[in-house]
Trainee: 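Take this structure, written in structure tokens, and hold onto it; I'll ask about it next.
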Amino acid sequence: MRYALVPDPHGPGGRLQPLDEEGAPLGPPEPAPRLAEAVAAVEAAHAPRWVWPTADTAYGPLLAALPVRLARCHDLRLTEALLLGREGRFGAPRSLGAAWSRLRGLPVPADLPEGALPDEDGLFAPDRLQLPPGTDQLEAVVAVHAEQLRRLAAVPDAEARARFRLLVAAESAGALLACEMAHDGLPWRTDVHDALLTELLGPRPAIPGTQPTKLAELALEVQRALGARPFNLDSHTQVIKAFADRGVQLSSTRSWELKSVDHPAAALMVRYKELSRLHAAHGWAWQAAWARGGRFRPEYVVGGVVTGRWASRGGGALQIPRTMRRAVVADPGWLLVVADAAQLEPRVLAALSGDAGLARTAAGGDLYAALAASAFQGDREKAKLGLLGAMYGQTGGGIGPLLSTLRRRYPAAMGYVEAAARTGEDGGVVSSRLGRVCPPPSADWLDLTEAPESGEAGGRSARARGRFTRNFVIQGSGADWALALLAALRRRLAALSSGGDRPHLVFFQHDEVVVHTPADLADAVAAAVADAAEEAAALVFGDTPVRFPLTTAVVDCYGDAK
DNA sequence: TCACCATGCGCC
DNA sequence: AAAGGGCGCATGGTGA
């Protein structure tokens, strides 16, 4: 059973309507003055698939008042985007209003900029959904949903259709989870974070915005070592000039270039940049903005990356420096289960391409070691560099011989990524395993000023797009697997409880999950993660000898995991 | 003054 | 000859 749900623009109410599996109404709209209660009752009775314009507008605001977590949903906006890509209309507006307008032959409104809310209390307002004035929101939800189900049924080839439906379901499960993680937050010990910052940067400046003492001292040391007048170390041009004045030519201030420079100021400069970045990106200002009340609450953007990876908005959730993970500490009586997929992308390549030889190296624990043993005389570093280079489209850096070896030993795997690259160079589109389609060539890829190179098809930008599509099939299919993992894990975690407390996912970063759990459930959670990983592999890749093992740690502190 | 771009670096 | 994918964010610098 399915249930359409729309919240009222203001207040705690909304409307529901039961639907059959084809999306046809099973009854009239049901007004719900207290939406959370009505939803909880329906969930208990039917556990339907909830259909709404977007999870962040319909589910997110409901969470505080909702006594249960909902099992399944169909997010119209995310599904619309997936369908549009598949139908060759990548990037067309995907709001409820846009989908409704296409259905009715009306002018299609452009999407609002991501994250731009009209105003605080306009969060659920119909205008955010871009519906034409006077349109009944519930009617639009029901109609667009039914149409999406028809479009899903129209995907040719039964296997591709089944996989694409899985993608739609997993993407929607991700939307539920993203709302829940934003609501629950990642445990963040402000005092530990403070101590860490103080240790590295000196005491917290009394006046916010002023430079911490250790940064100021380092700046002076750099200037002294260069015998320079005071200059702004945060300005590339001033730094390059200061070094040039001492006869050190820099083409940039990148740390790898500074590290290769033989001058005492260079090392100091590198240290300054490291600390300065920490201060700017994850210092006290960041803490005040994002990590108050013992929780870091980032906003995740499901499908925010074209490959299907998630993005985040505000707080740099997916770029927390490793050193800062020390501040992520489980609540008393709770633990963190940290699990990350070991060498996900090469395993994805092995499973996608069906390369029997590569699959053998991916049947056990350390893929790179197995690869090294069979093709690189045991040199693990070479094996890793070569395989990563093949997946990213790298050709320089002395990697040529490694690629030749791989091409000889693993022709199917290398052929797979090379075919994807050729498709991209020729202007075509490629898909992930579950059927997420990459964007077509855009103006970015068409550099008309580029000089055509003799005897070669396509120029620099064509090859750049080839590298993009080459990587898309891997990164996108890895994201498919991760979404399936999340959905499976979320379902398994919902079945666990200890004295009314439940484990919940608190962090997800491409191929890594963190579960915050009552301590006595930690082993059960670890087992659930392992089971979910296997389920994801079977769902996404079917019958494959490739294993997708996880490295799992049960810890008090995120910084202690691996 | 504001919007935008370039640089550089954190994560995968 | 050389040629590495995807992001978000802070800062300085530029031009309208």
Side-chain angles (χ1 to χ4, degrees), chain A residues 114-115 209 211 231-240 250-259 269-270 272-283 285-286 289-290 298-301 303-325 340-346 348-349 384-400 402-403 417 420-421 424-425 430 432 436 438-439 450 453 456 458-479 482 507-513:
Chain A
E114 196 71 37
Q211 206 171 34
F231 65 95
N232 184 353
L233 277 76
D234 296 321
S235 163
H236 317 127
T237 48
Q238 292 182 37
V239 170
I240 287 173
L250 296 171
S251 62
S252 76
T253 64
R254 290 191 178 87
S255 61
W256 61 262
E257 185 172 352
L258 283 168
K259 281 172 188 162
M269 187 68 214
V270 169
Y272 173 87
K273 281 159 66 76
E274 285 170 0
L275 294 181
S276 166
R277 180 179 171 83
L278 216 52
H279 178 242
H282 291 92
W286 175 90
W290 295 103
E299 190 181 346
Y300 293 97
V301 186
V305 181
V306 287
T307 57
R309 279 186 175 181
W310 290 15
S312 70
R313 195 159 40 222
L318 303 181
Q319 298 124 258
I320 300 173
R322 300 190 85 83
T323 51
M324 288 294 162
R325 296 181 181 183
D340 76 298
Q343 305 147 341
L344 178 61
E345 296 198 337
V348 166
L349 173 57
K384 182 175 176 177
L385 278 177
L387 202 47
L388 288 173
M391 293 187 296
Y392 289 152
Q394 180 182 357
T395 51
I399 200 182
L402 306 182
L403 295 179
V417 286
E425 287 178 14
V430 296
S432 73
R436 190 188 306 267
C438 84
E450 182 178 301
E453 284 155 69
E456 233 182 307
R460 203 178 340 116
S461 64
R463 286 195 300 279
R465 186 155 191 281
R467 287 191 296 276
F468 167 65
T469 50
R470 170 194 293 263
N471 186 251
F472 183 97
V473 295
I474 308 281
Q475 191 183 118
S477 302
F507 193 58
F508 167 54
Q509 190 178 39
H510 311 313
D511 62 356
E512 176 174 11
V513 293

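In this text the structure is predicted, and so the values were computed from the model without any measurement. Letters A, B, ... are given to chains in the order of the sequence lines, protein chains preceding strands, and every chain is numbered from 1.
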Trainee: For DNA chain B, note the earliest and the latest nucleotide, 5' to 3', having some atom under 4.0 Å of a heavy atom belonging to chain A.
Mentor: B/dT7 to B/dC12
Trainee: Regarding A/Ile474, tell me which of base, sugar-phosphate or nothing describes its non-hydrogen contacts under 4.0 Å with the strands shown.
Mentor: nothing
Trainee: Please report the interatomic distance CG(A/Leu250) to CD1(A/Ile240), rounded to the nearest 0.5 Å.
Mentor: 6.0 Å
Trainee: Check side chain to side chain contact (heavy atoms under 4.5 Å, CB included) between A/Ser235 and all other residues, then give those that pass, not counting sequence neighbours.
Mentor: A/Asn232, A/Thr237, A/Gln238
Trainee: Could you tell me how far apart A/Leu403 (CG) and C/dA3 (P) are, to the nearest whole angstrom?
Mentor: 13 Å
Trainee: Mind running a 4.0 Å heavy-atom check of residues 384-393 of chain A against DNA chain B and sending the residues that fall below it, in number order?
Mentor: none
Trainee: Using a 4.0 Å heavy-atom cut-off, write out nucleotides 11-16 of chain C from 5' to 3' as B (base contacted by protein), S (sugar-phosphate only) or - (no contact).
Mentor: SSS---
Trainee: When the distance from CD of A/Glu345 to C1' of C/dG5 is rounded to whole Å, what number comes out?
Mentor: 8 Å
Trainee: So if I take the C1' atoms of five pairs at each end of the helix from B/dT1-C/dA16 to B/dC12-C/dG5 and get each local axis, what angle do the two axes make, rounded to 10 degrees?
Mentor: 10°
Trainee: Just jot down the side chain to side chain contact (heavy atoms under 4.5 Å, CB included) partners of A/Tyr392, sequence neighbours excluded, or say none.
Mentor: A/Glu345, A/Asn471
Trainee: Indicate whether OP1 or OP2 belonging to C/dG4 is found under 4.0 Å from a side-chain N or O atom of A/Arg467.
Mentor: no
Trainee: Have a look at A/Gln475 and say if it touches a base, only the backbone sugar-phosphate, or nothing, with a 4.0 Å heavy-atom cut-off.
Mentor: base
Trainee: I need the CD1-P distance between A/Ile399 and C/dA2, as an integer number of Å.
Mentor: 14 Å
Trainee: Please report the interatomic distance CG(A/Asp511) to CD(A/Gln343), rounded to the nearest 0.5 Å.
Mentor: 11.0 Å
Trainee: So, do A/Leu388 and A/Gln394 sit near enough that their side-chain heavy atoms are less than 4.5 Å apart?
Mentor: no
Trainee: With sequence neighbours left out, what residues match A/Val239 under side chain to side chain contact (heavy atoms under 4.5 Å, CB included)?
Mentor: A/Phe231, A/Phe243, A/Thr253, A/Met269
Trainee: For the atom pair NZ (A/Lys273) and CG (A/Leu258), what is the distance rounded to the nearest 0.5 Å?
Mentor: 6.0 Å
Trainee: List for me each residue that meets salt bridge (charged side-chain N to carboxylate O under 4.0 Å, His left out) alongside A/Arg470, sequence neighbours excluded, and say none if there are none.
Mentor: none
Trainee: Can you list everything that forms a side chain to side chain donor-acceptor pair (under 3.5 Å) with A/Tyr272? Sequence neighbours excluded, please.
Mentor: A/Gln211, A/Asp234
Trainee: Tell me which of A/Gln319 and A/Thr395 sits closer to the 5' end of DNA chain C, going by the nucleotide each one is nearest to.
Mentor: A/Thr395
Trainee: Which part of the nucleic acid, if any, lies within reach of A/Arg277 when heavy atoms closer than 4.0 Å are counted: base, sugar-phosphate only, or nothing?
Mentor: base
Trainee: Going from CG on A/Leu278 to CD on A/Glu274, what distance comes out if it is rounded to the nearest 0.5 angstrom?
Mentor: 9.0 Å
Trainee: Report yes or no: do A/Glu299 and A/Ser312 form a side-chain donor-acceptor pair below 3.5 Å?
Mentor: no
Trainee: Using the test side chain to side chain donor-acceptor pair (under 3.5 Å), find all partners of A/Thr307 that sit at least two apart in sequence or belong to another chain.
Mentor: A/Gln475
Trainee: Whole-Å distance between C/dG6 C1' and A/Asp511 CG?
Mentor: 13 Å
Trainee: Take the protein atom CZ of A/Arg465 and the nucleotide atom C1' of C/dG4, then report the distance between them rounded to whole Å.
Mentor: 17 Å
Trainee: Checking A/Gln319 now: which residues fulfil side chain to side chain donor-acceptor pair (under 3.5 Å) with it, not counting sequence neighbours?
Mentor: none
Trainee: Need one value for A/Gly315: base, sugar-phosphate or nothing, where a base atom within 4.0 Å counts as base even if backbone is also close, heavy atoms only.
Mentor: sugar-phosphate
Trainee: Roughly how far, to the nearest 0.5 Å, is the CZ atom of A/Arg325 from the CD1 atom of A/Ile320?
Mentor: 7.0 Å
Trainee: Please report the distance, rounded to the nearest Å, between CD in A/Glu299 and P in C/dG8.
Mentor: 12 Å
Trainee: Distance check needed: C/dG4 P versus A/Trp256 CH2, whole Å only.
Mentor: 12 Å
Trainee: Looking across every strand, which nucleic acid part, if any, lies under 4.0 Å from A/Arg322 by heavy atom: base, sugar-phosphate, or nothing?
Mentor: sugar-phosphate
Trainee: Scan A/Gly397 against the nucleic acid and name what it touches under 4.0 Å (heavy atoms): base, sugar-phosphate only, or nothing.
Mentor: sugar-phosphate
Trainee: Looking at residues at least two apart in the chain, or sitting in another chain, which of them share a side chain to side chain contact (heavy atoms under 4.5 Å, CB included) with A/Leu275?
Mentor: A/Leu200, A/Leu201, A/Leu215, A/Leu218, A/Arg271
Trainee: Measure the distance from CD on A/Gln509 to C1' on C/dG8 and round it to the nearest whole Å.
Mentor: 12 Å
